[in-house]
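Take a look at the structure below.
Each ligand, and each atom within it, is numbered from 1 in the order the structure gives. Keep in mind that the numbers below use all heavy atoms, side chains included, and drop hydrogens, waters and symmetry copies.
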Amino acid sequence: MAKYIVLLGPPGVGKGTQAEILSERMGLAHISSGELFRENLKNQTELGKLAQTYMGKGELVPDDVTIAMIRDRLSRPDCVTGAILDGFPRTPAQADALEAMLEEFKGRVDAVPFITAGDSVLVDRLSRRWTCRASGHIYNEISNPPRTAGKCDLDGSDLYQRDDDKAETVKHRIQVYLDQTSPLIDYYRKLGRLIEIDGMQTIELVNQAMMVALNK
Ligand code: AP5
Ligand code: MG
């Protein structure tokens with residue numbers, strides 16, 4: 001049966017960073033809803049332009065649009081054995097839709113690592129984040145600097161700072177997370193799939209904790 005892992009946690013806690021490592025170590029596709037919206041925006045699609053009206057303000061993109069985008073992505077061949085989901089689901093309606101979708105794709109959400117860290121750490125990490133323009137690889141000026149400032153180690157493309165990483169927008173994104181996404185903690189706890197991970201450790205230690213928990 002296909003294996004799907006959902007990464008849960010507030011903005012800046014390290015979902016994208018961990019998803020990239022897990023995807024490589026577990027041989028599963030990495031699906032980031034935020035990256036899919038940003039790619040659409042880069043290509044100036046109607047979906048990208050619509051998503052930007054929400055993302056720029058730190059609001060969630062409406063469920064119907066987001067669910068349709070993820071459904072399309074999960075139906076591609078690289079997801080037949082499963083995927084690491086980073087940033088989706090983000091509302092109970094999205095989680096219900098995912099359960100229904102995976103039944104159809106003959107898979108299930110196996111585990112939900114829930115990564116935690118304090119708000120001031122989140123704001124600080126995001127203010128120092130640099131992202132690669134070509135493929136969304138993630139760096140940090142302090143905790144994970146690129147070998148050459150401003151350039152991606154993996155593909156040499158330029159690094160940029162996300163518009164929604166301004167302190168004010170980050171604070172709003174954290175509030176949106178608390179209001180709309182945090183109910184998923186109980187949602188997955190009740191299903192017995194939640195694994196709590198301390199996100200205040202180094203990137204490597206967070207990953208080790210996750211691998212140990214996922215292999216249990
Ligand atoms: P999205 O792109 O998903 O943003 P987010 O959830 O707010 O999360 P981030 O990407 O900001 O943080 P992250 O947890 O991935 O942290 P990262 O690994 O980069 O969504 C953006 C927007 O798109 C949303 O606001 C919404 O508008 C829309 N959207 C997306 N999905 C949606 C959905 N399902 N429904 C509706 N709308 C949706 O790490 C952060 C920094 O910290 C990096 O610099 C990294 O190097 C560093 N770092 C990571 N781990 C550590 C560590 N352990 N120690 C020290 N530094 C670390
Ligand atoms: Mg991310």
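Within a 6.0 Å sphere centred on CD of E103, other residues, nucleotides and ligands contribute 12 heavy atoms or fewer. For E24, the CD atom is loosely surrounded, since the number of other residues' heavy atoms within 6.0 Å does not exceed 12.
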D198 and T116: CA distance, side-chain angles, deciding distance, side chain to side chain donor-acceptor pair (under 3.5 Å) verdict: CA-CA 5 Å; D198 175 10; T116 56; 4.7 Å; no

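Under the side-chain hydrogen bond (donor to acceptor under 3.5 Å, both in side chains) criterion, the residue pairs touching residues 74-86 are H30-D86, D72-R76, R73-D78, with sequence neighbours excluded.
Pocket lining of ligand 1, defined as residues with a non-hydrogen atom under 4.0 Å away: P10, P11, G12, V13, G14, K15, G16, T17, S33, G34, F37, R38, M55, E59, L60, V61, T66, G87, F88, R90, Q94, R125, L126, R129, I138, Y139, N140, S143, R162, D164, R173, G199, Q201, T202, I203, V206.
Between the side chains of T45 and N43, not a single donor N or O lies within less than 3.5 Å of an accepting N or O.
Figure legend: R193 and Y188 shown without cation-pi pairing, the cationic atom not lying both under 6.0 angstrom from the six-membered ring centre and within 45 degrees of its axis.
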